[in-house]
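The model shown is predicted, which means the values in this text are computed figures rather than measured ones. We're numbering straight along the sequence, starting at 1.
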Amino acid sequence: TSALHTNWHLKENARDHHTSKFSSKELIVRRGQAFIVTFNGTEQPEQSLTFIAETGPKPSKLAKTQATFGISSTVSKESWSAVLQSTSSNSVSISISSPPNAVIGRYKLSVQTTSSGSSSPASLGTFVLLFNPWSSGDDVFMPNKAECEEYVLEEFGIIFAGNKNHINSFGWNFGQFQGDILNICLSMLDRSLNYRQDPATDVSHRNDPKYLGRVLSAMVNANDDQGVLLGNWSGNYEGGKSPSSWTGSGEILQNWKKSGFKPVRYGQCWVFAAVLTTVLRCLGIPTRTITNFSSAHDADGNLRVDEFYDASGNHLDRAADSIWNFHVWNESWFSRSDLDPSYSGWQVLDATPQEESGGIYQCGPASRNAIKEGDVDLDYDCPFVFAEVNADCMYWNYDPATGKKTLMFSKSTVIGQFISTKAVGKDDRVDVTNDYKYEEGSTKERDIFKKARKKLGLEDKFDPTAPTPQEIDQKPDISGKFKVSGPLEVGKDLNLILVLANLQSDAKTVHLNMTAWSTVYTRRPVHEIWKDSISVTLSPKEEKQFPIKISYTEYQQQLTTDNTIQVTALCHVEGGIQVLVQRDITLDNPAIDIQVLGEAKVNKEVDVEVIFTNPIDTEVMDCVLQVEGNDLLRGILEIDVPPLKASEKSSTKFKLIPFETGPKHLLVNFSCDKFADIKTFKMVNVID
């Protein structure tokens, strides 16, 4: 094929198609919308031109991966079409439109002149076609423009973490329009298991957001397919970067490509979710991250999570089920042509490899409406997502010697709290718990839970592992809770008060076994920090307080990068049932401060100062500052900071040369031997 000289009108088309943020020399447009192309070198009358647009390894009309179309007077809604804009002596301008359900990806465009009989088509070049949330005919159409801006065009995000008593947050650079990210996203599709098994069929399904969402939820984790990220929840991250050290998706996706597509080490849930957000926003599917606090991982599909403790109060890592302090997944916005229209809208996708679905680690799309209504029989993976926000918890005392387990208590209101996402156009937290379930404890909520159990066939079959009604109804003689007294900060002693109350009108003797363990955010115990045993007698209706102090020197060596500690008191009440008192504590890192010294102007140097004060009474070493920010600096800046003596303040200065105007975000991550991954971000308004 000969090549014609083509003018793709990059600037005008990008502006019309909301693709100006891509920094590409190639045309990037959205489906269901016209774009202009001008070419010269055809001597033929315009009426005799036929265009060919094709994608994938085996383009075919039947699979809708190839279209041939001539010039017509009007745009077709159902198929590709071309409308003549203008002609001059040697050039033709054409407006080309694709149907709103076109396959997305990279296309070759060529033109053939029919009048000359058998001449071979001349190539006009390539362009990339994306989903179009601005177009009412598209499955991903999002009527609210501010939401399109946030969920497709915004490159900065805020992810919520911590635990239900103490929610914290950090910034993330999605960076979906940077450098080579679009090409990496397209090659991700070409590395999926589906593509490897049958490339032509896979490409023909790329018009469908639910298909792509599911495929990409598998490709973001390394399981099964040598995907992007290798998960690691051990607390030991040797041989890679600790999951909490990343500040954006770009570095991860670029490392994956640079290494010849070997999985990047390491990810945990928010990293998987953030990378999936980047990929889906890049392709034009509106997407956001969602954090669920006290999130259930129900491995056996019985809508129940079992936790086991030994007589000393140690949380045993013996069950496949678990309750995470928080878990992060995605919601993507699209219609469900396979289900009733009421199930369209936000769909849950989860790239964290937790359970297999259809034989591989992928999850979703599960309609958020289906979850709320308990319609767990609908595609895809609704029972797992329903359990994440609704499972009942059972806490058992387990004797490893005999294998005997006794129920201590069960709770139906623990799981799925403060479900959070970033606000549209603001840095605030929005609570979306009511979009996932009816009010906790209401009759409607219990009815939906029963409906889900029934649909899963759990109501009818005998479950030998379930507690008996007698066990569930047994009433404890005492109650207990851990209260925090004092700051929850890394570097300071941890002060708690165990409050015990006798609920009965006769005295009770209680033997307490207490432990504190450092954990990962999934509440998996890593190191024992402290333990103690006491016996107490409580008079009738008496409440007693027991102060507990865990010093910084006791926990410092054991802490994971998640800064989480689980404190447990197992109370053996003489003549009564055992009572478990427990609290998960997330410690805050010390603060770090960014100052922009002066006005930030395009192509002008501006100084930035990062200030950190060592809060502890020993020296901190191996200090590294990592900085990134789209349109403020290219790549990631790493600065080694000299060691800091006790209480010493450090100031680190560096220069930026911003290259775009508008509100930009600078993300900073500071690490040293005593503090892991202290994060902050700063909005920088860049002016002309």
Side-chain angles (χ1 to χ4, degrees), residues 151 157 159-161 172-176 181 184-189 191-195 209-233 240-241 243-244 246 248-253 255-257 261-283 285-292 295 297 324 326-334 346-368 371 379-382 384-385 388-389 419 421 521-522:
Y151 299 132
I159 296 172
F160 297 93
W172 190 272
N173 180 9
F174 294 122
Q176 63 267 33
I181 296 299
I184 297 172
C185 295
L186 294 175
S187 49
M188 203 182 288
L189 295 176
R191 305 189 71 78
S192 73
L193 294 176
N194 292 24
Y195 183 88
K210 67 179 177 296
Y211 176 81
L212 281 192
R214 188 158 175 79
V215 165
L216 289 165
S217 81
M219 275 307 294
V220 167
N221 66 65
N223 308 49
D224 316 303
D225 48 25
Q226 290 295 96
V228 178
L229 271 162
L230 187 62
N232 178 344
W233 286 267
K241 272 187 70 143
S244 57
W246 306 106
S249 309
E251 186 186 4
I252 294 166
L253 289 165
N255 287 358
W256 183 57
K257 185 185 175 182
F261 301 104
K262 287 191 188 62
V264 176
R265 295 158 191 256
Y266 292 104
Q268 286 171 357
C269 66
W270 68 91
V271 193
F272 293 107
V275 170
L276 187 55
T277 303
T278 296
V279 176
L280 293 172
R281 284 186 183 181
C282 181
L283 298 176
I285 301 177
T287 302
R288 60 190 190 177
T289 60
I290 298 285
T291 302
N292 179 36
S295 189
H297 176 172
W324 297 15
F326 68 91
H327 178 42
V328 185
W329 59 70
N330 296 93
E331 282 178 0
S332 288
W333 177 272
F334 48 85
W346 288 115
Q347 310 291 322
V348 174
L349 294 163
D350 193 342
T352 298
Q354 293 186 91
E355 294 299 323
E356 290 185 0
S357 169
I360 61 174
Y361 285 95
Q362 58 187 353
C363 180
S367 159
R368 194 180 70 180
I371 302 302
D379 287 342
Y380 296 85
D381 307 310
C382 285
F384 184 76
V385 179
E388 286 183 306
V389 297
I419 306 175
T421 191
Y521 76 98
T522 61

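In this structure the side chain of I419 reaches within 4.5 angstrom of the side chain of I290, judged on heavy atoms. Put simply, the side chain of W324 reaches to within 4.5 Å of the side chain of C269, judged on heavy atoms. For the pair T278/I181, a side-chain contact is recorded, criterion being any heavy-atom separation below 4.5 Å from C-beta on. Between E356 and Q362 there is no side-chain heavy-atom pair separated by less than 4.5 Å. Residues L189 and L216 have side chains in contact (heavy-atom distance under 4.5 Å, counting atoms from C-beta outward). Contact of the N292 side chain with the W329 side chain is registered, since non-hydrogen atoms from C-beta on lie closer than 4.5 Å.
Ring centroids of F160 and F326 are separated by 6.0 Å or more, keeping the two rings apart. Ring centroids of H327 and Y521 are separated by 6.0 Å or more, keeping the two rings apart.
Partners of R368 according to the salt bridge (charged side-chain N to carboxylate O under 4.0 Å, His left out) rule, which considers only residues two or more places apart in sequence or in another chain, are E331, D435. In terms of the ring-ring contact (aromatic ring centres under 6.0 Å, His included) criterion, Y380 has no residue partners (sequence neighbours excluded). Partners of N255 by side-chain contact (heavy atoms from CB on, under 4.5 Å), not counting sequence neighbours, listed by chain and number: W246, E251, K258, V264. Judged as a side-chain hydrogen bond (donor to acceptor under 3.5 Å, both in side chains), and not counting sequence neighbours, S367 has no contacts. With sequence neighbours left out, T289 forms a side-chain hydrogen bond (donor to acceptor under 3.5 Å, both in side chains) with no residue at all. With sequence neighbours excluded, the residues satisfying side-chain hydrogen bond (donor to acceptor under 3.5 Å, both in side chains) with N173 are E628, N630. Applying the side-chain hydrogen bond (donor to acceptor under 3.5 Å, both in side chains) rule to N194 yields the partners Y211; only residues at least two apart in sequence or on another chain are considered. Partners of Y151 according to the ring-ring contact (aromatic ring centres under 6.0 Å, His included) rule, which considers only residues two or more places apart in sequence or in another chain, are W346.
Counted by atom type alone, T287 and T277 present zero donor-acceptor pairs between their side chains at under 3.5 Å.
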### Message
With side chain to side chain donor-acceptor pair (under 3.5 Å) as the criterion, how do Y266 and W233 come out once you've worked through the C-alpha distance, each side chain's angles and the decisive distance to 0.1 Å?
### Response
CA-CA 9 Å; Y266 292 104; W233 286 267; over 6 Å; no
### Query
Can you check side chain to side chain donor-acceptor pair (under 3.5 Å) on S249 and W172, steps first, answer last?
CA-CA 8 Å; S249 309; W172 190 272; 2.9 Å; yes
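Note on residues 212-222: pairs passing salt bridge (charged side-chain N to carboxylate O under 4.0 Å, His left out), not counting sequence neighbours, are R214-D381.
Closest non-hydrogen pair, E355 versus F384, comes out as CG-CE1, 3.7 Å.
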